[in-house]
Amino acid sequence: MAVHDELGGLEALAARLPFHPDDQEAVVALYERWCTSRHPTDLELLELWLYCFVGRYFMVRMLREPHLSEVELEQLIGDTFLRLRCQLDSVRERDRFVSWVGTACRNAFLNYLRNLRRRPIPEPDDPPFEGPEAEAQLAREDLTRLLPVLAAAVERLPDFLREAARLALLEGLTYHEISRRLEKPPGTIRVYLSRAFRRLRQDSALQEFL
Amino acid sequence: MKETLGNKILHYPWLSREAQREVEQEALRDPAWRELLEAIQSLTPLLQSLHLTPEDPMSEEMLAFYLVTRRLSDRPLPPSLATLFARLEAQLEADPTLRRRCEEMARQLDALVRKFDAPAHFERLTGRSLERETEPVPAVAEESAFYEVPARRPEIAGAPDRPARRPARRSAWRWVERGAFMVVVLSVIYGGLFWWSRAAQSELERLGFIAPAQLEVEQYRGEAAPGTSEAERTYQEALQEIRAAYRSYLGLFPHYDAERLARAESLLVAVVTTAPKSSPLRQEALRQEAQWLLGKVRLLRHDVDGARQVLQDLAAQEGPYTEAARQLLAQFRCLETPELC
């Protein structure tokens, strides 16, 4: 058996992809190409990416719910991966493919938590009783879904707005610092940020988070 | 004053409700700031989910995401995520408490994936063998969009806790595909050779071709039936000679043995001469059949004048080969003077 010292070999699978798993432009292009050509090579890459995305999603969730075991991790990854793989054809808006996968992962995890709560008689090895707090927390903050989608939406902004939005939202600079960094007057920055935020508001991939 | 308001607006999603109201009041006095405030208000639910407050960007959720994503791939991150991660790493560098939290979570992650074997799990789920597959390509293959392949839905593999059944089916299907591929390849090769073989034949050889049905003999191994005439026995010997003269590999590059053809010709001449035109009906049919074959044999031997002579004789009579002989003579004329055709 191979020895994996990073993410249980998930990183070895990700290394087989010709792009970073969070490069959404490349993922959507791959997905669209597969939808058009149905070439087996594209499907193989899609499967790899899907497994990596689902694997990372549940690893992050498991870190936040430490009482869940690696057996449950494998089960969740396997079940969700297989279900999504069978439904690859059913994405209506191809450019929202990554959001679709993220939402499906979130729903799978919520269902898993709810099923745990529904068990009538706890078994000795059962994890502690799950309150609805975990579900509410998941609804509020789910960065594994949100961050890659937001980062990709920022990347889609026009050049002159992109940098301002990136500095404000992801680097956390103050209004003054952004003005200095971009060497633009504060009034210009104000206009840039207003436009950038409005465009993000209209980005189709972000709609479900708003 | 206005610069301070700008910073407050950027912090708006994470302010208390009371502080938010104050910012709203301030912004109401200046339409330019109101525009920015409205824009950020429209993103407030999303930004609140991020928990990316300017003061403390590293929530537990963010730390978990950062840790797993950093381990996931060595490839360059998309620029916006790279910006965020650079910020988080600067904070990790500067804050020992945060570093300890990160190390603790890293140990937790190590424990979680200790027994997890993602490649083996992936192989079980998909039925694929990663070892047999080639190493990752440097960039997504652009040409794949141009391949013409049948549409294929993703197939369902076995449940995650038991081996997938798909490999056996896929393997069987692969053999079928390979078999079909071989049939197509062999057909193309045979078609090419057949065309070549036809092109290599002369016009006379093509006209002189004798269909196998005409060479059938009445008895097993060609023995003449008892009570047959001398002419019939000779005719059957001639047929056997023609059969033996024919050489071909899988129907390709047909040719005739010249010696045997010469023997067949002399036998056929004997049949034609021993069965005169006024002979009984059966003898007459044999004679015409022998004449027809004699014409063909002479063509195969490139004896055009001899063939024409016997075919003209045949065309002048009434019988089953009359029309065929006339057509063959017409083809002769076309070969000799193409402008007449």
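Each chain gets a letter, A, B and so on, in the order its sequence line appears, and its residues count up from 1.
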Just so I know, are the side chains of A:Tyr57 and B:Val68 near enough to count as touching, which here means a heavy-atom distance under 4.5 Å? no
Under a 4.5 Å cutoff for heavy-atom pairs, which residue among A:Thr144, A:Val154, A:Ile189, A:Val71 has the most contacts with chain B? A:Thr144
Do A:Asp23 side-chain atoms and B:Pro78 backbone N/O form a donor-acceptor pair below 3.5 Å? no
With only heavy atoms counted, which part of A:Leu73 is less than 4.5 Å from chain B, the side chain, the backbone, both or neither? side chain
Should the heavy atoms of other residues, nucleotides or ligands under 6.0 Å from CZ of A:Arg195 be counted, would the total exceed 12? no
So how far is it from A:Leu143 CG to B:Ser59 OG, rounded to the nearest 0.5 Å? 5.5 Å
So does B:Phe194 have more than 12 non-hydrogen atoms from other groups sitting under 6.0 Å from CZ? no
Engaged part of B:Ala90 at the chain A interface, taking heavy atoms whose separation is under 4.5 Å: neither
Distance from A:Glu44 atom CD to B:Arg128 atom CZ, nearest 0.5 Å? 4.5 Å
My understanding is that only residues two or more places apart in sequence, or in another chain, count here; which of them pass side-chain hydrogen bond (donor to acceptor under 3.5 Å, both in side chains) with A:Gln207? A:Arg201
Atom CG of A:Leu170 and atom CZ of B:Phe85: how far apart are they, to the nearest 0.5 Å? 10.5 Å
Does any backbone or side-chain atom of A:Ile178 lie under 4.5 Å from a heavy atom of chain B? Answer side chain, backbone, both or neither. side chain
Is the centre of the A:Trp49 ring less than 6.0 Å from the centre of the B:Phe122 ring? no
Step by step, work out the side-chain contact (heavy atoms from CB on, under 4.5 Å) result for B:Leu125 and A:Arg85. CA-CA 10 Å; B:Leu125 293 172; A:Arg85 186 162 154 267; over 6 Å; no
Can you name the residues that form a side-chain hydrogen bond (donor to acceptor under 3.5 Å, both in side chains) with A:Asp22, not counting sequence neighbours? A:Arg56
Could you go through B:Leu109 and A:Leu7, starting from their C-alpha distance and side-chain angles, then the distance that decides it, and tell me whether this counts as side-chain contact (heavy atoms from CB on, under 4.5 Å)? CA-CA 8 Å; B:Leu109 181 59; A:Leu7 277 179; 3.8 Å; yes
Is A:Arg16 reaching over with its side chain to a backbone N or O of B:Leu130, donor-acceptor style, under 3.5 angstrom? yes
Between B:Pro76, B:Pro79, B:Ala111, who has the most heavy-atom pairs with chain A when the cutoff is under 4.5 Å? B:Pro79
Can you tell me if CZ on B:Arg17 sees more than 12 non-hydrogen neighbours from other groups inside 6.0 Å? yes
Taking it one step at a time, do B:Leu10 and A:Leu193 satisfy side-chain contact (heavy atoms from CB on, under 4.5 Å)? CA-CA 9 Å; B:Leu10 289 184; A:Leu193 287 176; 3.9 Å; yes
Looking only at heavy atoms, which two atoms of A:Leu169 and B:Arg87 are closest? And how far apart? O-NH1, 4.2 Å
Going from OG on B:Ser42 to CG on A:Leu200, what distance comes out if it is rounded to the nearest 0.5 angstrom? 8.5 Å
Ring centres of A:Phe81 and B:His121 under 6.0 Å apart? no
Got B:Asp117 and A:Glu74 here, is their nearest side-chain heavy-atom distance under 4.5 Å? no
Contact part of A:Leu63 toward chain B, heavy-atom cut-off under 4.5 Å: side chain, backbone, both or neither? both
Answer yes or no: does atom CG of B:Asp95 have more than 12 heavy-atom neighbours from other residues, nucleotides or ligands under 6.0 Å? yes
Compare every heavy atom of B:Pro119 with every heavy atom of A:Gly8, then report the nearest pair and how far apart it is. O-CD, 3.7 Å
Heavy atoms from other residues, nucleotides or ligands near CZ of A:Arg199 exceed 12 (cutoff 6.0 Å): no
Taking every heavy atom of A:Ser194 against every heavy atom of B:Ala39, the minimum-distance pair comes out as O-CB, 3.6 Å
A:Ala15 versus B:Arg75, closest heavy-atom pair with distance: O-NH2, 3.3 Å
Against chain B, label A:Leu13 side chain, backbone, both or neither, depending on which of its atoms sit under 4.5 Å from a heavy atom there. side chain
Euclidean distance, A:His20 NE2 relative to B:Leu72 CG, rounded to 0.5 Å: 6.0 Å
Counting only heavy atoms from other residues, nucleotides and ligands, does the tally under 6.0 Å from CD of B:Glu89 exceed 12? yes
Should A:Arg198 and B:Glu35 be marked as a salt bridge (charged side-chain N to carboxylate O under 4.0 Å, His left out) after you check the CA-CA gap, both sets of side-chain angles, and the distance that decides it? CA-CA 10 Å; A:Arg198 273 206 305 272; B:Glu35 193 183 347; 2.9 Å; yes
Residue pair A:Glu171 / B:Thr83, side-chain donor-acceptor N/O under 3.5 Å: no
Which residue out of A:Met59, A:Met62, A:Glu25, A:Glu155 racks up the most heavy-atom pairs below 4.5 Å with chain B? A:Glu155
Are any of the side-chain heavy atoms of B:Thr69 and A:Pro148 separated by less than 4.5 Å? no
Candidate pair B:Leu36 and A:Phe197, rule side-chain contact (heavy atoms from CB on, under 4.5 Å), full reasoning: CA-CA 8 Å; B:Leu36 179 61; A:Phe197 293 158; 4.0 Å; yes
Is there a donor-acceptor pair under 3.5 Å between the side chain of A:Glu70 and the backbone N or O of B:Lys115? no
